[in-house]
Amino acid sequence: MPLWLQVETRHGWLWAYNLEHLDLIRRFVQASLRERAPWYDTGQKMTLVARLPAWIKRAKNRDEILRAVSRIHASLVAA
């Protein structure tokens, strides 16, 4: 099944499974302070956020990622 919630950026494709996933990405990228969970240092690094590509996690790409999230959200409103 193709993903409907996707948009291409200069770094790669940004996609989400659903609106909750898109909102999680938006909240993570918007956060000025990204704290790790207390159990992170125990070796359990399998969170969804930990699996995001590095270009999404970089603060220098914040504006571009947020614009891409807005474009995806706007495409839902238009449809």
Side-chain angles (χ1 to χ4, degrees):
M1 297 280 298
L3 290 170
W4 287 87
L5 306 178
Q6 62 180 343
V7 66
E8 188 172 13
T9 69
R10 64 187 170 123
H11 301 287
W13 284 90
L14 176 68
W15 54 267
Y17 288 119
N18 53 39
L19 286 175
E20 292 169 353
H21 186 205
L22 187 64
D23 187 52
L24 176 75
I25 293 169
R26 181 192 54 80
R27 285 184 287 124
F28 174 77
V29 172
Q30 272 184 334
S32 58
L33 178 62
R34 299 176 183 165
E35 295 180 339
R36 293 182 174 159
W39 46 263
Y40 189 84
D41 291 329
T42 64
Q44 299 175 3
K45 296 173 177 62
M46 300 309 229
T47 65
L48 181 119
V49 171
R51 292 176 173 252
L52 286 173
W55 61 270
I56 292 177
K57 296 179 192 179
R58 288 193 187 107
K60 69 179 184 177
N61 297 331
R62 179 175 290 149
D63 292 334
E64 183 177 358
I65 302 304
L66 291 175
R67 279 193 306 271
V69 167
S70 294
R71 284 192 315 239
I72 292 173
H73 197 274
S75 72
L76 288 173
V77 173

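Below, all heavy atoms of this structure are taken into account, side chains as well, without hydrogens, waters or symmetry copies.
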*Which atom of Leu5 lies closest to which atom of Leu19, heavy atoms considered*: CD1-N, 4.1 Å
*Mind checking what makes side-chain contact (heavy atoms from CB on, under 4.5 Å) contact with Arg58, not counting sequence neighbours?*
Ala54, Trp55, Lys60, Asn61
Using atom types as modelled, flag every donor-acceptor pair under 3.5 Å from a side chain in residues 68-78 to any protein atom, sequence neighbours excluded.
| from | atom 1 | to | atom 2 | distance (Å) |
| --- | --- | --- | --- | --- |
| Ser70 | OG | Leu66 | O | 3.1 |
| Arg71 | NH2 | Glu8 | O | 3.4 |
| Ser75 | OG | Ile72 | O | 2.6 |

*For the residue pair Tyr17 and His21, does the interplanar ring angle fall in the parallel (under 30°), tilted (30 to 60°) or perpendicular (over 60°) class?*
parallel
*Mind checking what makes side-chain hydrogen bond (donor to acceptor under 3.5 Å, both in side chains) contact with Gln30, not counting sequence neighbours?*
Arg26
*With sequence neighbours excluded, what pairs up with Arg27 under the salt bridge (charged side-chain N to carboxylate O under 4.0 Å, His left out) test?*
Asp23
